[in-house]
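Just the heavy atoms: all of them, side chains too, but no hydrogens, waters or symmetry mates, feed the values below.
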Amino acid sequence: SLLVNAAGQPRKEKVKLPSSLQGRQPNSIPNKKTEDPVAGKVNTSSLATRQHLSGFHLIPPRVTLGVLKEGCTYAATVILKNVGVNFSRLVAAGLQVELEVEIFAMVIGGEDTGGLEEVSHDIEILTETETLLLPVRANILC
């Protein structure tokens, strides 16, 4: 309960709800609400009480590649799972698709720092309702 703890005593601190329970996805930007006449909608009475019926999860939610050797290509697999009940142009409801993230380790600027160069980028995945952000981090050995 949000008001009492497991022992039935009133909580001393406010419970912080995860963003997924607050009706928004972590690492995502909501898109403008537009009516799409060809989008699939499920309208059943058993789903009428739920609030959040669409969305995607990225598994894992971020990619950390560690230390990379300059001049080499590295890859990681991320799963994009449709956890909603509506089908999407990317993947049908309840299904998932594998995304391959590749990075070519290269230091930009031509300076040899003799150490590690940090690389950080957010890959944007545009869906019908939101833009998912997939953080990719690595360190390139110069």
Requested in this report: Consider only side-chain heavy atoms of I, L, V, M, F, W and Y, link residues closer than 4.5 Å, and tell whether Val136 and Val97 are in one cluster.
Outcome: yes

Query raised in the report: When you measure from the side chain of Glu70 to the backbone N and O of Val107, does any donor-acceptor pair fall under 3.5 Å?
Result: yes

Query raised in the report: Checking Arg137 side chain against His121 main chain: does a donor-acceptor pair fall under 3.5 Å?
Result: yes

Report summary line: Of Thr131, Leu133, Leu58, Val78, the one forming a side chain to side chain contact (heavy atoms under 4.5 Å, CB included) with Ile125 is Leu58

Requested in this report: Taking side chain to side chain donor-acceptor pair (under 3.5 Å) as the test, write out the residues that go with Thr77, two or more places apart.
Outcome: Glu100

Query - Over all atoms of both residues, closest heavy-atom pair of Ala105 and Tyr74 - result: CB-CE1, 4.3 Å

Query raised in the report: To the nearest 0.5 Å, how far apart are SG in Cys72 and CD1 in Ile103?
Result: 12.0 Å

Query - Connected via hydrophobic side-chain network under 4.5 Å: Leu99 and Ile79 - result: no

Query raised in the report: Shortest non-hydrogen contact from Leu134 to Pro60?
Result: CD1-O, 4.0 Å

Query raised in the report: Are any non-hydrogen side-chain atoms of Leu95 and Asn82 less than 4.5 angstrom apart?
Result: no

Query raised in the report: Is there a side-chain contact between Leu141 and Lys69 (heavy atoms, below 4.5 Å)?
Result: no

Query raised in the report: Going only through I, L, V, M, F, W and Y residues with side-chain contacts under 4.5 Å, is there a path from Ile140 to Ile123?
Result: yes

Report task. Determine the minimum heavy-atom distance between Phe104 and Thr73, stating which atoms define it. Result -> CD1-OG1, 3.3 Å

Query raised in the report: Can you name the closest pair of heavy atoms from Val83 and Phe56 and give their distance?
Result: CG2-N, 4.2 Å

**Report entry** Minimum heavy-atom distance between Pro61 and Pro135, given as atom pair plus value
**Finding:** O-CD, 3.4 Å

Report task. Evaluate the side-chain contact (heavy atoms from CB on, under 4.5 Å) criterion for residues Leu132 and Leu80: first the C-alpha distance (whole Å), next the side-chain angles of each, then the deciding distance (0.1 Å), finally the verdict. Result -> CA-CA 10 Å; Leu132 301 172; Leu80 176 68; 3.6 Å; yes

**Report entry** Closest non-hydrogen atom pair, Gly55 against Glu130
**Finding:** CA-OE2, 3.9 Å

